[in-house]
Visitor: 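Below you will find the structure I want to go over with you.
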There are 2 protein chains.
Amino acid sequence: METTNPTAPNRAVTLRDVARLAGVSVATASKALNGQPQVRAETRARVVRAAEQLSFSPNTLAQGLITQRSGTVGLLTSDLEGRFSIPILMGAEDAFGSDQTSVFLCDARGDAIREKHHLRALLSRRVDGLIVVGARPDTRPSLGRDLPVPVVYAYSPSDDPADLSLVTDNVGGGRMAVDHLIRCGRRRIAHITGDPGYGAAQDRARGALGRLSEENLELAGGEVWFGMWSEAWGRGATRMLLERCPDVDAIFAGSDEIARGVLDVLHEERIDVPSQVAVIGFDNWTILAANARPPLTTVDLNLEQLGRIAAQRLSAAMDGTPGSGVETIPGRLVTRESTAPLR
Amino acid sequence: METTNPTAPNRAVTLRDVARLAGVSVATASKALNGQPQVRAETRARVVRAAEQLSFSPNTLAQGLITQRSGTVGLLTSDLEGRFSIPILMGAEDAFGSDQTSVFLCDARGDAIREKHHLRALLSRRVDGLIVVGARPDTRPSLGRDLPVPVVYAYSPSDDPADLSLVTDNVGGGRMAVDHLIRCGRRRIAHITGDPGYGAAQDRARGALGRLSEENLELAGGEVWFGMWSEAWGRGATRMLLERCPDVDAIFAGSDEIARGVLDVLHEERIDVPSQVAVIGFDNWTILAANARPPLTTVDLNLEQLGRIAAQRLSAAMDGTPGSGVETIPGRLVTRESTAPLR
DNA sequence: CGGGCGGCCGAAAAGGTTTTCAGAAACGTA
DNA sequence: TACGTTTCTGAAAACCTTTTCGGCCGCCCG
């Protein structure tokens, strides 16, 4: 059975075809379809009907050529594998998806040459704006000031303060984690985290220490346990910690992976979570956090929201209201069962 | 300090500017830059130099308008969150990224209406082709036969056999897993897997049973343990399994999540992996598999390669060689430490 | 020396749309 | 009736590039 699909313009049908069918000129057809006022209602209706009948959809390339606006933006990510770029990308795609702009996805694989290549291609396609999503929350080189379109940096801030960058709040996240543990009545709080070469590790630790000192508390175990972003390190560090400081009553892990290792060892040692020791993670990597035993309280950096805001800021810049500097997006606490008030 | 608004500078430099600087006509400039033969070497050099000097990049919209090829493809995914669409998307982006086509990313969030909306937008942008990436390996409705551009379905096959679909090999993967266990000398093999409502669960089980019957082996535990795609189910099922069938020497888990639960209980029960019981997972979800204790042998469905092949097939179709039917992409075994020969 | 030919270049059309501006039609006013 | 005004429509330019085709020039051959 032949059904003509109304959403499928079969052969490129142009405005000229619509105009001919409606018995008007292309100029009038254009105005009718775009809601311009200088066209009689009756005429407009005729044009609209013709357009529907032919299932006309305007050639965006031609529109872009004349309006000098392609209605597209480029999403330049340096690391699609990285789990951090994906939610940001989702948020951005989501924020644009609703209105009439489409998104070009480019993955530079962390390679500066490839990035230049993609940048060139995107400019050649006359994108109206760019979002640059980094793989690590550390500073990255700016694309430069003389680009013909506005740029927003997400996750990795640009090294040029004249650019607009959006970053996660690692300091605030660390503070938030410790604050939660304190509110649960914990006083002997340890911090096990990842590679000290990551700014994120340093920032989270800084936030944690800041909140502790407000309460005149010291870190249980005497210091921050830097190491690696892995379960194995979480296990090893926990064993050492328990030896040095057996009366610890809360552990703030610098990532959910590390937290999984922590939980694992506590389980082995028959130390109950959360009644004896509370554990809090970081990142809210659902697959790890929600499936942990017990499910893991953790800090969510709101990456998706970061992506959405990046899209909004870019839209504003494209409309002539550019921003600059570094904007920090707050995180939020996700409470599960690995933390609870004492007693 | 006041800096000039970064959105203000570079007015788009056109071919006309290049031509003027080189002292030729736009026609000649075009031919010179595109390697057309009817232009003297000296003239060509002059044009190229001018283009570089102005850092000219051709307006792709105008090119697309005249060549009737936009040099873009649409990537229509139904579920960006899902971990399966991401690698496919990466592979596709990668395969295109090298040459001169750019990729529009659209996430329909599993909503048919949004999908129609995006489809319309993409066609309006005159994409040269479409890749539709599903969220589940089950059949999905075709976009229809009367689209003006070729389409390739990835992961979720289309319900129209005239379309070209690429899918993962779940049957082969199940067979591969069991084959590996048999080669390790295991004879009492159990299978714990996820939701029986998923075709993937059924297919993997079918492959496993097929390989077992070739060896005249029965499934340890007597049946396939269907349940949920979670660690908790992996734990629960393993406990029941050990009770009913204490002499099991290998467990094939239907996903890495489930495998993590399996490992967890075996560890609790002081049953050594792999010397006493071998464990194999499925999906090669690195964060789970590589960090397990011991690191998990698992089946990788080669999703990234699936994406790459989808891109290749689409390119072929755009060049006039369309395909149809369902093409199955084989998986591969990733050997880690949770399996080993007996003795 | 004239005609033919090959090499090189430019004018112009085409692609599909938006926008400006002039003109036509209808209507009201003097 | 003549004229101004309002309302609507269409011709044409513009956006930027590619491609076709005709023209110019110098050269070779007869």
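Model, not experiment: these values are computed from the prediction. Chain identifiers are assigned alphabetically (A, B, ...) following the order of the sequence lines, protein sequences preceding nucleic acid strands; residue numbering begins at 1 within each chain. What you see below is based on every heavy atom in this structure, not just the backbone, and it leaves out hydrogens, waters and symmetry mates.
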Visitor: Decide, yes or no, whether a salt bridge links A:Arg308 with A:Asp94 under the criterion of side-chain N to carboxylate O below 4.0 Å.
Guide: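 Salt bridge: yes.
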Visitor: Taking the side chain of A:Leu65 as heavy atoms from C-beta outward, which of D:dA11, D:dT17, D:dC16 is closest to it?
Guide: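 Closest nucleotide to the A:Leu65 side chain: D:dC16.
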Visitor: Could you go step by step and tell me if A:Arg125 and B:Ser102 meet the side chain to side chain donor-acceptor pair (under 3.5 Å) rule?
Guide: CA-CA 9 Å; A:Arg125 295 200 180 280; B:Ser102 297; 2.8 Å; yes
Visitor: Using a heavy-atom distance cut-off of less than 4.0 Å, which residues of residues 39-47 of chain A contact DNA chain D?
Guide: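 Heavy-atom contacts with DNA chain D come from A:Val39, A:Arg40, A:Thr43.
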Visitor: Do any pairs count as a salt bridge (charged side-chain N to carboxylate O under 4.0 Å, His left out) and have a residue in residues 48-65 of chain B, sequence neighbours left out, and if so which ones?
Guide: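 Those involving residues 48-65 of chain B do not exist here.
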Visitor: Tell me, which of residues 26-34 of chain B have any heavy atom that sits under 4.0 Å from an atom in DNA chain D?
Guide: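 By residue number: B:Ala27, B:Ser30, B:Lys31, B:Asn34.
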Visitor: Not counting sequence neighbours, which residues clear salt bridge (charged side-chain N to carboxylate O under 4.0 Å, His left out) with B:Arg40? List them please.
Guide: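 B:Arg40 satisfies salt bridge (charged side-chain N to carboxylate O under 4.0 Å, His left out) with no residue once adjacent residues are dropped.
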Visitor: Taking CZ from A:Phe56 and C1' from C:dG16, how many angstroms apart are they, rounded to a whole number?
Guide: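 It is 8 Å, rounded to the nearest whole Å.
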Visitor: Distance check needed: C:dT17 P versus A:Asn59 CG, whole Å only.
Guide: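 For the pair A:Asn59 CG and C:dT17 P, the rounded distance is 6 Å.
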Visitor: Under 3.5 Å, is there a donor on one side chain and an acceptor on the other for A:Thr77 and A:Asp107?
Guide: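 Side chains of A:Thr77 and A:Asp107: no pair found under 3.5 Å.
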Visitor: For B:Ser124, check side-chain hydrogen bond (donor to acceptor under 3.5 Å, both in side chains) against everything at least two apart and list the hits.
Guide: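 Per chain and number, B:Ser124 pairs via side-chain hydrogen bond (donor to acceptor under 3.5 Å, both in side chains) with A:Thr60.
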Visitor: Decide, yes or no, whether a salt bridge links B:Asp138 with B:Arg136 under the criterion of side-chain N to carboxylate O below 4.0 Å.
Guide: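 Yes, B:Asp138 and B:Arg136 are salt-bridged.
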Visitor: When all nucleic acid strands are considered with a 4.0 Å heavy-atom cut-off, which category describes A:Gln38: base, sugar-phosphate, or nothing?
Guide: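 Answer is base: heavy atoms of A:Gln38 come under 4.0 Å of a base.
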Visitor: Can you run down the ring pair (Phe, Tyr, Trp, His ring centres under 6.0 Å) pairs that involve residues 26-56 of chain B, sequence neighbours left out, and say none if there aren't any?
Guide: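 Residue pairs passing ring pair (Phe, Tyr, Trp, His ring centres under 6.0 Å), neighbours aside: none found.
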